[in-house]
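Reviewing the structure listed below.
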Amino acid sequence: MSIRHGLLALLERGPRYGSQLRTEFESRTGSTWPLNVGQVYTTLSRLERDGLVAQDGEDDQGHALYAITDDGRTELRSWFETPVDRSNPPRDELAIKLAMAVGAPGVDIRAVIQSQRHHTVKAMQDYTRLKAQALADVPANRDEVAWLLVLEQLIFQAEAEARWLDHCESRLVRLAEAAATEPEPEVRTASRAPARTARPRSRR
């Protein structure tokens, strides 16, 4: 739904065509979530179907323009005012991978964690360098400020993931130590019943 409402937010600034919306969306988010033109026009068609946007003629180059409607503005205001729902979190590939790696034969889960940590820390360092470059000059317009907010969210997310990976490794170490100190279960052999002696046959 973020693309849907993101396009509405851009259209609130005035009529725009598909390629223009894609460029402005990526500029605002620093191309973190790139769009293709087909995706933009598909979303515009759905917005038009729902009465949230309407075609508004063409520009000088013949591009079909779209404009937000009053219902679209109401929908946009509701989106801004409603908290993002976290009760149904999206699937996280890393969490699923570690969950499946626990106890999987032939998988060194600590090696999986270390490999991911290396990648996550590197990404965090790259984001931090981009932030330093963005702050070298005071952000001059709303697109630069928006990109800085997105960039900082990526940094915080990477930091949280690195801490979670440290926690996962520590938990695995504690579980392994606990398993090593547990006494071996006593194995009891089944006792055999004494063999019965054959009774002598009586002679008649």
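Atoms considered below: every heavy atom in the structure, side chains included; atoms not considered: hydrogens, waters and symmetry mates. Treat the numbers as computed from the prediction; the structure is a model and nothing was measured.
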Handout entry: Counterpart residues, side-chain contact (heavy atoms from CB on, under 4.5 Å), relative to A158 (two or more places apart)
Key = T120, M124
Practice task
Kindly state each residue pair satisfying ring-ring contact (aromatic ring centres under 6.0 Å, His included) with at least one member in residues 103-142, sequence neighbours excluded.
Solution key: none
Exercise for the section: Not counting sequence neighbours, which residues clear side-chain hydrogen bond (donor to acceptor under 3.5 Å, both in side chains) with T32? List them please. Expected result: none
Problem - Distance in Å, L11 CG paired with L21 CG, rounded so as to fall on 0.5 Å steps - result: 5.0 Å
Handout entry: Co-membership, hydrophobic cluster, residues L65 and V37, 4.5 Å side-chain
Key = yes
Practice task
Write out all pairs satisfying salt bridge (charged side-chain N to carboxylate O under 4.0 Å, His left out) with one or both partners inside residues 84-112, taking only residues at least two apart or from two chains.
Solution key: R110-E169
Handout entry: Pairs involving residues 19-59, ordered by first then second residue, that meet ring-ring contact (aromatic ring centres under 6.0 Å, His included) (sequence neighbours left out)
Key = none
Completion exercise
The side-chain contact (heavy atoms from CB on, under 4.5 Å) partners of V145 (sequence neighbours excluded) come to P139
Exercise for the section: Could you check if a side-chain atom of I113 sits within less than 4.5 angstrom of a side-chain atom of L172, using non-hydrogen atoms only? Expected result: yes
Fill in the blank from the handout: Sorted by chain and number, sequence neighbours left out, side-chain hydrogen bond (donor to acceptor under 3.5 Å, both in side chains) with E12 holds for R77
N/O donor-acceptor pairs under 3.5 Å from side chains in residues 46-53, not counting sequence neighbours:
from : atom 1 : to : atom 2 : distance (Å)
D50  : OD2    : R4 : NH1    : 3.2
D50  : OD2    : R4 : NH2    : 3.2

Handout entry: Fellow cluster residues of V84, listed by chain then number, with links counted only when side-chain atoms sit under 4.5 Å apart
Key = none
Practice task
Identify, with sequence neighbours excluded, every residue that meets salt bridge (Lys or Arg N to Asp or Glu O under 4.0 Å) alongside D143.
Solution key: R28
Fill in the blank from the handout: Residue pairs meeting ring-ring contact (aromatic ring centres under 6.0 Å, His included), one or both in residues 44-65, sequence neighbours left out, come to Y17-H63
Handout entry: ring-ring contact (aromatic ring centres under 6.0 Å, His included) contacts touching residues 144-169 (sequence neighbours left out)
Key = none
Exercise for the section: Run the salt-bridge test on D70 and R73 with the 4.0 Å N-O cut-off and return the result as yes or no. Expected result: yes
